[in-house]
Amino acid sequence: MATTEKRSAMQTALYPLDWLEERSGLVGGVRYFLFRKVPGDTGWWHTLGSATLTAFLVQLVTGVILAFYYKPDVDTAHASVEHITNDVWGGWLLRGMHRWGASVFIILLFLHMGRVFLFGAYKYPRELNWIVGVLLLATALFEGLTGYLLPFDETAYWATVVAININGTAPFVGPYLATILRGGAEIGPDTLARFYSLHMLLVPGALIGLIGLHLYLVVRLGVSSPPWSRAAADREPEPKPPPTRSGMVTPAPRPTGVRRRPSE
Ligand code: HEM
């Protein structure tokens, strides 16, 4: 009786998921993504991609909440950031997470890329995913650049002057690039509006699209084994070393071929 009740309670609780699965196949897709098989000899190094993804999601959530309070105008931008830090409940933490989280995201991105490079995981058939990764890296750095101007203090202003001037030195396209970034001849209200729009809409949208493509390729191609993998090289696994002092510390049968004394 109790089992029947339990089963019907489970069915009721899972009904929304069943409903969704029947009409979209989404639940099965998520389950496949989460429980798909990966090589048995993957280790901590393989978690850097997911760590980068987590850092990106933290940036998304904290950024959306910051946007509730931030005012993208040269006269009010800095005051609105001060207001978030000093007056809004938990605002100092939110802003700190977003500001420091940006560095964490970029550091993890480089560590993940370093892992992929050193493990040779960019080789056939994963070259396209490496190319998507390079686009991700450039887009993520641009996200950092556009966000840096938003507090609109001295550091933000002069850092942006330097960054735009560096872009302006690029051959042929440099001067055009600098004008496009500034939104005119000088850094001012148009630059802030432009950077805000890029930072909030265009660049995160591009990042989400690229990450989606990147993860699709990861699932499609499967995760690679580390270079030292014996399984990937079709070799027998390393034999386990014999237990030390067998029969005393770890009880184990005596090795065969050992002659016993006549008295035994
Ligand atoms: C927002 C940035 C990124 C996110 C969220 C991300 C996420 C991931 C995840 C979750 C994996 C699977 C697990 C793992 O191998 O760690 C992966 C694999 C991979 N990533 Fe990234 N990644 C990013 C940036 C990059 C960059 C910058 C590159 C290289 C330029 C790159 C190249 C690759 C390659 C080639 C693989 C396949 C590795 C293998 O199969 O062993 N990724 N990525």
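Both ligands and their constituent atoms are indexed starting at 1 by order of listing. Values below: all heavy atoms of this structure, side chains included; hydrogens, waters and symmetry mates excluded.
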Exercise. Nearest heavy atom to atom 40 (O) of ligand 1: which of M113, E143, R126 does it belong to?
Worked result: R126

Problem set entry | atom 14 (C) of ligand 1 [closest protein heavy-atom partner, distance rounded to 0.1 Å] | H46 O, 3.4 Å

Exercise. Checking ring pair (Phe, Tyr, Trp, His ring centres under 6.0 Å) for the pair F105/W100: CA distance, chi angles, key distance, verdict?
Worked result: CA-CA 9 Å; F105 174 50; W100 289 96; over 10 Å; no

Problem set entry | Atoms in ligand 1 flagged as close to V134, the criterion being non-hydrogen separation under 4.0 Å | 30 (C)

Exercise. Nearest to atom 35 (C) of ligand 1, what protein heavy atom do you find, and at what distance?
Worked result: V116 CG1, 3.4 Å

Exercise. For ligand 1, which atoms have a heavy atom of I211 less than 4.0 angstrom away?
Worked result: 1 (C)

Exercise. How close do G168 and A178 get, heavy atom to heavy atom, and via which atoms?
Worked result: CA-CB, 4.0 Å

Exercise. To the nearest 0.1 Å, how far is atom 28 (C) of ligand 1 from its closest protein heavy atom, and which atom is that?
Worked result: G133 CA, 3.4 Å

Exercise. Any N/O of R115 closer than 3.5 Å to an N/O of ligand 1?
Worked result: yes

Exercise. Angle class for the Y196/Y70 ring planes (parallel below 30°, perpendicular above 60°, tilted otherwise)?
Worked result: tilted

For this session: Among all protein heavy atoms, pick the one closest to atom 9 (C) of ligand 1 and tell me residue, atom and distance.
Result: G49 CA, 3.7 Å

For this session: Could you tell me which atoms of ligand 1, counted from 1 in the order shown, lie closer than 4.0 angstrom to a heavy atom of A121?
Result: 35 (C), 38 (C), 39 (C), 41 (O)

Exercise. Would you say F56 touches ligand 1, if touching means a heavy atom closer than 4.0 Å?
Worked result: no

For this session: Can you sort out which atoms of ligand 1 are near T52, meaning under 4.0 Å from one of its heavy atoms?
Result: 2 (C), 3 (C)

Exercise. Hey, which atoms in ligand 1 end up nearer than 4.0 Å to a heavy atom of G222?
Worked result: 40 (O)

For this session: Kindly determine whether I84 and W92 satisfy side chain to side chain contact (heavy atoms under 4.5 Å, CB included), including the steps that lead there.
Result: CA-CA 7 Å; I84 293 170; W92 60 273; over 6 Å; no

Seminar exercise, completed: Distance col, row K71:NZ vs Y69:OH, nearest 0.5 angstrom, shows 10.5 Å

For this session: Given side chain to side chain contact (heavy atoms under 4.5 Å, CB included), test L149 with F152 step by step and report yes or no.
Result: CA-CA 6 Å; L149 178 68; F152 220 68; 3.9 Å; yes

For this session: Compute the angle centred on atom 21 (Fe) of ligand 1 spanning NE2 of H112 and NE2 of H214, and express it rounded to 10 degrees.
Result: 170°

Problem set entry | atom 2 (C) of ligand 1 - nearest protein heavy atom and its distance | L109 CD1, 3.0 Å

For this session: With heavy atoms only and a cut-off of under 4.0 Å, state how F105 meets ligand 1: side chain, backbone, both or neither.
Result: side chain

Problem set entry | Protein contact of atom 12 (C) of ligand 1 - nearest heavy atom, named by residue and atom, plus distance | V218 CG1, 3.6 Å

Problem set entry | R182 and T191 side chains, donor-acceptor separation under 3.5 Å | no

Seminar exercise, completed: Ranked by distance from atom 41 (O) of ligand 1, the top protein heavy atom is S224 OG, 2.6 Å

Exercise. Just checking, R36 and F33: is the charged tip under 6.0 Å from the six-membered ring centre and within 45° of the axis?
Worked result: yes

Exercise. Hey, are the side chains of I211 and I208 touching, using non-hydrogen atoms and a 4.5 Å cut-off?
Worked result: no

For this session: Heavy-atom distances under 4.0 Å are what count here, so tell me which part of L215 touches ligand 1: side chain, backbone, both or neither.
Result: side chain

Exercise. Is the closest N or O pair between S50 and ligand 1 shorter than 3.5 Å?
Worked result: no

For this session: Enter the distance from I131:CD1 to L217:CG here, rounded to the nearest 0.5 Å.
Result: 10.5 Å

Exercise. How are the rings of F117 and Y122 set relative to one another: parallel (under 30°), tilted (30 to 60°) or perpendicular (over 60°)?
Worked result: parallel

Problem set entry | L53 neighbourhood, listing ligand 1 atoms whose heavy-atom distance to it stays under 4.0 Å | 5 (C)

Seminar exercise, completed: Heavy-atom nearest pair, L221 first then R126, reads O-NH2, 3.4 Å

